[in-house]
Amino acid sequence: MTVAELPARVWVAVCAYTALLPERGACALVEGHQVALFRTFDGDVHAIANLDPFTGANVLSRGIVGSRGEEPTVASPMHKQVFSLVTGECLDDPSVSVATYPTRVTDGRVEVGL
Amino acid sequence: MNRLVVVGYGPTAHRLVETLLSRGFDGHVTVFGEEPLPAYDRVALTSYLQGVTLEELEYPELPGVVTRLSSRVTGIDRAAKVVTTEDGHAEPYDTLVLATGSAPFVPPVPGASGAFVYRTIDDLERIRQAASGAARGVVVGGGLLGLEAADALRGLGLDTHIVELSPWLMPRQVDEGGGSVLKGHISNLGLSVHAGVSLASIEPDRVVLSDGGVIDASVVVFSAGIKPRDELARDCGLEVGARGGIVVDEGMRTADPSIYAVGECALVGGMVYGLVGPCFTQAEVAVDRMLGGSAAFHGADMSAKLKLLGVEVAQFGAMEGALDVTYMDPVGGVYKKLFISDDARTLLGGICVGDAAPYTTLKPFVGKPLPASPSDLLFTGSAAALDLPDDAQVCSCNNVTAGAVREAICDGVCDVPGLKACTRAGTTCGSCVPMLKQLLEKSGVELSKALCEHFDHSRAELFDIVRVRGVTTFSELIAMCGRGRGCDICKPAVASILASLHNGHVLDGERAALQDTNDHFLANIQKNGTYSVVPRVPGGEITPEKLIVVGEVARDFGLYTKITGGQRIDLFGARVEQLPQIWKRLVDAGFESGHAYGKALRTVKSCVGSTWCRYGVQDSVGLAIALELRYRGLRSPHKLKSAVSGCARECAEARSKDFGIIATEQGWNLYVGGNGGFKPRHADLLVSDVPTDELIRIIDRFLMFYIRTADRLQRTAAWVESLDGGLDYLRSVIVDDSLGICASLEEQMERHVATYVDEWRATIEDPDKLSRFVSFVNAPGVPDPSIVFETERDQIKPVLIPLDRLGSPA
Ligand code: SRM
Ligand SMILES: Cc1cc2nc3c(=O)[nH]c(=O)nc-3n(C[C@H](O)[C@H](O)[C@H](O)COP(=O)(O)OP(=O)(O)OC[C@H]3O[C@@H](n4cnc5c(N)ncnc54)[C@H](O)[C@@H]3O)c2cc1C
Ligand code: SF4
Ligand code: FES
């Protein structure tokens with residue numbers, strides 16, 4: 001989850017960690033980007049783009065969170081394609097993927113890296 | 001041989017050419033068909049009237065074969081080896097196959113020329129047209145096909161009468177005892193049976209019987225037997241039987257070595273075979289002979305099983321024997337009889353009416369030692385556990401043995417579709433499919449019922465686990481019997497089970513995370529990420545005051561407004577953060593959630609009924625409202641819809657619903673298992689003329705039994721069809737309480753009714769639940785800027801980002 005070794009980036013604080021419900025998503029507006037945040041069962045926070053590439057609607061944050069094998073996932077609420085929360089890849093159609101964002105939790109606040 | 005000509009393009013011709021091609025024949029094949037269509041599945045003909053399309057009925061195309069449709073062959077010149085058609089075309093052959101089938105037999109009755117027959121798609125179209133203006137119909141012939149035709153007329157809305165010359169129905173399949181039980185079933189379904197009489201004459205709009213009786217009917221359909229179409233053979237000097245049929249040897253060849261005859265036009269061993277199974281075998285034999293083989297046709301099994309009008313009738317093996325054992329239950333409408341050899345050891349045959357289970361389990365034992373005592377076989381149904389010998393025939397349509405199926409399973413086939421593909425078993429009439437499943441199970445193949453990768457259980461099993469072990473959360477359940485963290489399949493399914501059993505708020509605690517986006521926001525998501533709002537309007541009845549409130553809310557929030565097909569009003573285009581504000585206004589005005597988003601009760605539609613309508617015999621609106629309020633909020637495997645009509649005119653379309661009610665003079669008729677949507681199905685009559693309290697008790701049980709046992713996303717229509725024993729079984733469980741569970745089903749429904757709370761009211765009263773209704777966690781006041789509307793016909797309409805601008809695939 002934390003990607004400290006990556007080159008300098010801007011970290012934007014978005015909300016309290018406790019504002020995220022376990023195994024559910026929420027959307028944050030980060031410098032004009034719609035970012036879908038997910039808190040998984042083990043407590044990790046993942047961030048991917050909110051835009052569903054199959055329908056053009058900003059809805060991925062409202063999908064069902066789960067797992068496929070070991071991979072934490074979200075299913076688009078529109079037509080149920082499943083995306084990896086780690087890589088952003090669509091597991092039902094590997095030719096499609098969505099952007100991912102690094103996240104970290106600092107002093108109980110969730111931050112998204114841009 | 002390199003020029004093969006086939007006359008007739010029916011199922012047998014198709015099978016013949018298909019087999020020939022699959023065996024590598026590379027000559028030139030021409031098929032002449034008199035019908036305007038390529039070969040189709042005649043066995044399933046009736047389904048055409050029930051909406052199955054021609055494409056579904058047609059057999060696959062034959063690659064590389066010349067097919068001439070609407071082309072009747074009228075002459076064969078055996079010396080020149082040429083056939084000629086009606087329109088003057090001449091086609092030379094090296095080998096000729098006659099597969100001309102048979103034509104319905106029309107007895108020489110005065111007026112018969114105005115009657116219909118039941119053999120081709122064309123015939124059905126003609127009958128359909130005639131039926132549209134008619135009230136009553138007569139089917140002449142009470143055999144297998146006659147009953148099928150009668151069912152079809154009934155389906156077309158005609159009051160249907162069956163005239164059968166023999167003293168009982170289906171004389172070729174059942175004996176007198178079976179016939180009387182069968183007649184009871186048929187009459188109960190509203191068909192009138194006139195047995196032991198023949199037709200004297202057909203006059204315009206009426207039919208006169210030999211006993212002087214008269215039936216005022218304008219549609220008459222003959223289904224009184226078939227006669228082989230042997231006219232071409234006769235005209236060119238080939239031998240035909242005294243009662244018709246082209247004479248062939250056991251290799252299906254006529255006296256002319258270049259001419260074969262197969263299917264319903266052929267007379268082999270003194271018999272014409274009127275079932276498709278033997279016809280297919282004949283086609284395969286003929287092909288083998290043409291290619292130099294020595295296959296032979298030595299007669300065939302004429303067993304038959306049919307399910308018509310919900311009544312199972314079956315006959316297998318011999319219809320007599322030195323000894324017989326009969327089980328008869330006139331009340332339940334069941335008659336089963338086994339014929340046994342004089343030493344009481346060998347099974348010779350059997351007859352079943354009302355319960356065809358012995359057909360499936362015992363037919364393979366015909367001619368073999370009885371696997372158990374006859375009474376055990378008939379009474380306890382223990383036959384289901386029997387092991388079939390390898391040479392027992394499992395599929396009579398395609399002549400596949402248990403051994404062949406087992407071999408396929410050994411080769412790695414592990415499901416029914418796989419067996420169908422590689423053995424052909426189960427691909428024709430389908431009645432052997434239960435046997436295929438049994439063979440799979442017996443071979444140790446587990447038919448996967450797993451919900452998804454996280455649970456190996458079916459929905460019904462999970463339901464029982466949750467109920468019996470008192471599980472209240474998903475985490476508990478997946479730790480107990482699952483793996484991983486769930487997905488969009490198991491989470492909503494478990495959420496629905498928990499809701500059916502515990503009725504807490506869908507957004508309480510951990511349950512919120514299980515819900516599909518619709519349940520999570522208590523509204524239906526639309527293509528641009530906005531939501532729709534559908535308040536409940538029980539029975540479609542609404543006061544002007546409430547209508548005004550709906551109008552005001554729609555106007556104030558700028559929502560697109562539409563009357564739905566479910567007799568209520570849908571408001572579209574609300575953003576998540578607007579949903580609570582909209583619902584606050586609606587709840588204050590006395591509205592509650594319509595659960596348009598949930599796998600739950602949707603609407604109970606109603607017609608205006610006896611209060612206003614001059615035909616109404618009961619208060620349909622009153623009952624619809626009572627039912628909608630009783631079952632509102634009930635979470636189920638799929639959505640539930642209902643309707644109540646005030647009389648048999650059925651303005652509320654109750655028979656297209658999961659449970660539909662139609663008023664009668666004496667009470668209510670309850671229909672179950674109806675469906676519109678993707679695969680429409682009319683609901684079946686479960687009970688008739690019941691008073692209101694009993695009606696509600698039976699619906700309580702019906703719904704709870706469905707909720708307990710159905711699969712995920714299985715509507716009641718598919719569920720009723722999947723029940724072993726179908727509607728009769730359902731009736732025995734929820735009307736006659738054969739499992740002793742009715743009290744528990746009713747109690748569970750009472751608990752639902754008592755604990756129901758409107759989930760939108762509960763949501764707007766709870767700040768915690770409200771906090772998630774925002775577009776952005778970090779900017780609660782900001783509306784989603786990507787949601788844009790334009791105007792169409794004075795209302796809003798979503799503007800979507802074109803997908804190519806996303807740089808992603810469609
Ligand atoms: C609004 C409405 C169309 C309309 O403008 O009239 C409608 C709209 C939708 N229908 Fe429907 N159906 C509507 C009446 C029907 C009817 C007619 C009826 O109920 O009398 C049918 C056929 C009857 C039936 O269900 O047997 C119908 C058969 C379906 C089906 C197919 C179900 C099936 O068994 O094949 C679906 C898909 C599903 O549920 O899986 C569906 C699904 C949907 C969904 C929920 C699709 C979706 O997931 O977005 C639509 C969203 C509605 C919304 O956002 O509010 N809708 N839908 C009707 C709402 C009625 C209501 O007041 O609740
Ligand atoms: C309503 C119905 C239900 C049935 N249900 C069952 C069932 O459940 N189980 C079962 O086993 N069987 C059933 N059958 C019987 C089954 O359909 C027949 O056994 C099967 O169709 C026989 O196939 P066939 O190709 O030999 O003859 P047909 O199907 O009669 O095909 C012969 C074709 O040849 C054409 N033809 C005839 N003469 C000429 C000519 N001179 N030139 C060109 N074309 C010509 C005809 O138009 C026809 O299309 C049912 C039949 C009907 C009508
Ligand atoms: S179903 Fe009967 S009672 Fe109801 S509106 Fe139609 S005609 Fe009237
Ligand atoms: S018995 Fe008809 S398909 Fe198998």
Side-chain angles (χ1 to χ4, degrees), chain A residues 12-16 19-30 32 34-42 49-82 90 93 95-98 109-110 112, chain B residues 452-454 474-475 478 482-492 495 507 509-521 524-531 576 768 771-772 774-780 782-787 798-810:
Chain A
V12 183
V14 288
C15 64
L20 300 180
L21 299 175
E23 304 204 280
R24 195 82 225 180
C27 184
L29 199 53
V30 187
Q34 292 204 22
V35 177
L37 298 167
F38 302 90
R39 171 172 157 191
T40 48
F41 185 68
D42 50 19
N50 195 31
L51 189 75
D52 174 11
F54 291 95
T55 60
N58 278 288
V59 292
L60 290 185
S61 60
R62 301 182 213 153
I64 290 185
V65 177
S67 64
R68 194 173 278 186
E70 297 298 306
E71 196 88 345
T73 57
V74 64
S76 166
M78 283 298 187
H79 298 144
K80 314 288 175 196
Q81 293 90 352
V82 171
C90 174
D93 180 354
S95 70
V96 180
S97 61
V98 296
R109 297 203 59 81
V110 177
V112 176
Chain B
C452 62
E453 69 170 75
H454 305 101
F474 179 80
S475 290
I478 201 162
R483 67 184 78 85
R485 281 313 301 171
C487 64
D488 58 305
I489 292 171
C490 58
K491 280 184 162 178
L507 299 184
E510 192 199 88
R511 254 203 243 173
L514 305 179
Q515 312 294 347
D516 210 341
T517 189
N518 286 353
D519 285 282
H520 194 72
F521 291 105
N524 283 52
I525 198 166
Q526 306 298 317
K527 60 201 299 178
N528 65 344
T530 61
Y531 288 85
V576 268
D768 208 37
S771 65
R772 71 199 62 167
V774 294
S775 287
F776 303 111
V777 266
N778 60 339
V782 178
D784 179 346
S786 71
I787 294 174
V799 179
L800 296 170
I801 314 175
L803 284 176
D804 50 13
R805 270 189 30 217
L806 293 174
S808 301

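Each chain gets a letter, A, B and so on, in the order its sequence line appears, and its residues count up from 1.
Contacts of B/N528 with chain A are made by backbone atoms alone, with heavy-atom separations under 4.5 Å and no side-chain atom involved. Heavy atoms of B/E510 lying under 4.5 Å from chain A are absent altogether. Contact of A/V14 with chain B is made through backbone and side chain together, with heavy-atom distances under 4.5 Å. Looking at B/V782, the atoms closer than 4.5 Å to chain A (heavy atoms on both sides) all sit in the side chain, from C-beta outward. Interface remark: A/L29 contributes backbone and side-chain atoms alike to the contact with chain B (heavy atom separation under 4.5 Å). If you measure heavy-atom distances from B/R483 to chain A, you find no contacts under 4.5 Å at all. If you measure heavy-atom distances from A/V110 to chain B, you find no contacts under 4.5 Å at all. Contact annotation for B/I787: neither backbone nor side-chain heavy atoms come within less than 4.5 Å of a heavy atom of chain A.
A/R62 CZ to B/Q515 CD: the interatomic distance, rounded to the nearest 0.5 Å, is 16.0 Å. The distance from the CG atom of A/N50 to the CG atom of B/D784 is 7.5 Å, given to the nearest 0.5 Å. Here the CZ atom belonging to B/R485 is positioned 9.5 Å from the OG1 atom belonging to A/T40, to the nearest 0.5 angstrom.
Chosen from A/E70, A/M78, A/R24, the residue pairing most often with chain B at heavy-atom distances under 4.5 Å is A/R24. The choice from A/C15, A/A26, A/A28, A/A75 that makes the most heavy-atom pairs within less than 4.5 Å of chain B is A/A28. Most heavy-atom pairs under 4.5 Å with chain A, from the set B/S786, B/S475, B/P785, B/S771: that is B/S786.
When every heavy atom of A/P77 is checked against every heavy atom of B/T517, the shortest pair comes out as CB-CG2, 3.4 Å. Nearest heavy-atom pair across B/S775 and A/C27 is O-CB, 3.5 Å. Across every non-hydrogen atom of A/V59 and B/G529, the tightest pair is CG1-CA, 3.7 Å. The two atoms that bring B/A513 and A/P22 nearest to each other are CB-O, 3.6 Å, heavy atoms only.
Side-chain atoms of B/K527 do not come within 3.5 Å of backbone N or O of A/A57 as any donor-acceptor pair. In terms of modelled atom types and a separation under 3.5 Å, the side chain of B/H454 and the main chain of A/S67 share a donor-acceptor contact.
The shortest side-chain heavy-atom distance between B/P492 and A/I64 falls under the 4.5 Å cut-off.
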